[in-house]
Amino acid sequence: MFGFGRKKDKAQRDAEAAAQQRQSAQPQQPMEQQPSGMAAAVPPPAPAPAGGHTNGPVRLIDPVPEQPQDMRVGVVQALEQPDGGQGYIVELTPAGQMNILAWIAGDDAVHPTSTVLTEEPSTADVELKFDAWNAGNDVIGGIFVWDTVHGFRGDDPDLPICIGEYAVGPDGAVLIAQCSFDAGVYGRAPHPRAEAIAACWLLACRLPAVRGEQITTSSGRFADFFEQVEKMPLPDAIDMVIHRGMSNGGRVTPVERALARQLVEIGAPQIRAIAANTDLGMHRLDTTGQFWINFDEEAVQGLQRDLVIAVEGAFNRAVDARNVAARLDNDVALLATLDERTTGFVFRDAFGHWGEHARFVRGEIDARNPFMELYDARARRGGAWESLTRFGNVAEQLRLPLRLQYGVDVDNASGTMAIAFGAPTALGFPASRVDDDGVWRDARDTRGAQASVYALRLAGLLAYIGFSSSVATTSVTITARAGMITGTPVLSMRFERMAFYGDVLPRYLGDDIGDAVLDFDPAALLRLLAPAAQAVDLGADLGLRGVAPLPMPPAIKAHRVPLWKDMRELPADLGERLRAERACELDVLHDDAPISIADVEKIIEDNEESPVSAAIELESVVMELSKSLPQETPSFRPLYCNNQGERELVALADDNPQAHADGQPRVDPSTIRYFKVPDALFRALIELARINIANGRFDKARELLARIHHIGKLSIPPYISESAMYVDVEEPDWQKDADVLTKALPYAVEANDVAMLYYRLAYAMRNLGKLDLSAACYAMTLTMPVRWLRDTALEELSELLDGDLGRAPAIDDAKQLLRANGIPIVPSHALMHLLARNTIDLVDAGFPKAAAIGTRLLAAAERDDTLNWLGGTLLYGTYGEDELGDE
């Protein structure tokens, strides 16, 4: 069995199942053929000319639509065939000759052949197959076809497309329940199994070949079409859709024609010029099934960004069409299911569904919040962490027609929330749409109004998510910005909770807000929303123009003070854990030292050919900056952190009591405080250590590295530098290399750091002859989502295992082996607990800027979109610095 699975919209499942079938197709016992009452048994034909077959009897099958009148096709069982076969598909010529066209195997696969078969043919030449959706349950299944010559997916011809669905009755007769091709009588009444298979093969394989047609994914499901689009470079996918949709020949569906039309109207072919200068990749999200184009926000801006978002939106209208087709054809979701009129309405209505969106939000109000506990660290009920994660968890699940980029600030003590979102520009909206009569009309003059209406509807929906995220929130200030969240403010409104719930929310739930009469009337829609305050300016085209946003609520504004200027005191228990009294002591980025890191980089660059000169200047830098540092004491220590997340983990840098004779730390850890080491000083020390290593002055290098570790104990790069010092010599000391890497592991939390440490440790263990430990370290490397290191690690692991990656240790076995040999498994639960606890508490205490990077580290470990969004919104907030006013 092919076993394609019931979840027919998952193309990956199709691919895996098809590959499995190619390896070993298990034949089924043929069902006893039942008379259909429609096909006529004919006697063996008269003796035929050479090359024909006269063995019979032949059971003619009912003609299929578009079958030539003089073509007679049937199924014959009497010819010699492999065991379990269901017969040959044959054609009877006017001269009485019987030509063999194909053979139907016992597993319902059709193999083309012109002669009788004495043994089972290869599965590589299968052209069509009936395959049950659920293995072992053949009541209903899919009809799959292959193009073994051209291939449906370009370079992967083994992947089939599904052209329909069959159903089996109690008597074994088969009905073609859904099909991209007109199945005629086979779609209206059941037929014997072999005849139904023969008819489908005739429709989908034989007749198109006779007409010179090449079957494409147009004959398949949306899933087949979407997978083809995802596998191609985006400019090629766009050109393919446009070429196919504008073609007058072949089998092109109304959906493809509508999509091609809208891609042409927005100027989608211009994407190729953008893709030539920066990477553009399109894939479907697991959460919503919608398309998402990855691009560099710095490289793609302005009109180019608008175009990318418009293209993404056009493909997402096809996703809406897929969902409608699935409701109409028993979840097969064939492209051919939708006619032109229905397709037009689906594309138009993609910008509606506001009542549906609001009802979804209402259904999520009492849903469990999966982020209230992370690594055994619990958030405070009713705190900012709960409000923000509830907001993000709902917003990330919205199936909106255009990309949503948003940020949120909240202060539950005052009941205020601020929201900012990117309002799509006019280019993101269709230049044509169907009217109520199903006729496509030019809509270019309405795009400004469409954009305004969309922004207003979305603003109200996001306000609802804000109110529903916490009962404490009583006022929401929401600002729309042109194109992206950092764009010019074009709409700003404030909603009060009771007025919103009493007057506005019923209009969402009752679909009044989404009424089509408002599609081009932003002024009327604004009257329905009735915000408590507003800043809106509609232009002559009814598009949104720039405005001064409503002021940020004062309580939230206090949270957005730059961290280095934030003099607020930390809660006592949080301050003890973070070894700080005030928020400003947590800052690691603001650097006002007299010598900057840029100055150090220039010294290094200018003396690239003269390391001695570089060393002299760098030692001067170290001396100068060291003089300006406070006096170090056991309870007041220097600290360098590479990022804000490291600062949250500072408790890991405490003295280890086991290092002291009495088993006690030299000072109570809760009393330790830190002063910040300038970036330039740390960078100069790192470069000096590198220069001394390169020149073989290892004693001096060790002295420098000891100081570096003392002030930057949590920083991983210096450990890598020390590791290199022991191996980049004529006689490497692999044990010292391994010791340094093992010492660094407990401080590693970023994926790149974890992967690099395990990778280098794997190489060290290999050179120490500890091959099992080496393989285990490689296995740990490969668990990290670090693409640039993955191929190298795989290649080296393969060499280690003599080319048999099947011998690679399972990850649980690898961890057990490493623990038994004193090698930490990281990031450890204790480290992640500390990070989660401090991050959550910082957010709940009103210090979002201090918690942003910690949240992103948690997001990377959890591989979670909501946490990743939260890290960004904590860092950047909802207002630009120029809009915050005087601090």
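Note that these values count all heavy atoms, side chains included, but never hydrogens, waters or copies made by symmetry.
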Quick check for you: to the nearest 0.5 Å, what is the distance between [X] atom [atom1] and [Y] atom [atom2]?
X	Y	atom1	atom2	answer
Ser114	Trp103	OG	CH2	15.0 Å
Asp125	Thr113	CG	OG1	8.5 Å
Leu338	Arg322	CG	CZ	11.0 Å

Using a strict threshold of under 4.0 Å (side-chain N to carboxylate O), is an ion pair present between [Y] and [X]?
X	Y	answer
Arg341	Asp339	no
Asp519	Arg348	no
Arg441	Asp435	yes

Open item on the list: Given the ring of Trp201, does Arg206 sit roughly above its face, with NZ or CZ under 6.0 Å from the centre of the six-membered ring and within 45° of the axis?
Closed with: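 Verdict for Trp201: no cation-pi partner in Arg206.
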Under a plain distance cut-off of 3.5 Å, with no hydrogens placed, do [Y] and [X] share a side-chain donor-acceptor pair?
X	Y	result
Glu256	Ser218	yes
Glu312	Trp292	no
Gln262	Arg317	yes

Task: Contacts of Tyr508 that satisfy ring-ring contact (aromatic ring centres under 6.0 Å, His included) - sequence neighbours left out - done: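 Scan of Tyr508 (ring-ring contact (aromatic ring centres under 6.0 Å, His included), adjacent residues dropped) gives none.
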Open item on the list: Within the structure provided, determine whether Arg362 and Leu509 are in side-chain contact (heavy-atom separation under 4.5 Å).
Closed with: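 Arg362 reaches Leu509 side chain to side chain.
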TODO: Sort out for me which residue in Asp107, Ile176, Ile104 forms a side-chain contact (heavy atoms from CB on, under 4.5 Å) with Phe130.
DONE: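 Of Asp107, Ile176, Ile104, side-chain contact (heavy atoms from CB on, under 4.5 Å) with Phe130 is met by Ile176 alone.
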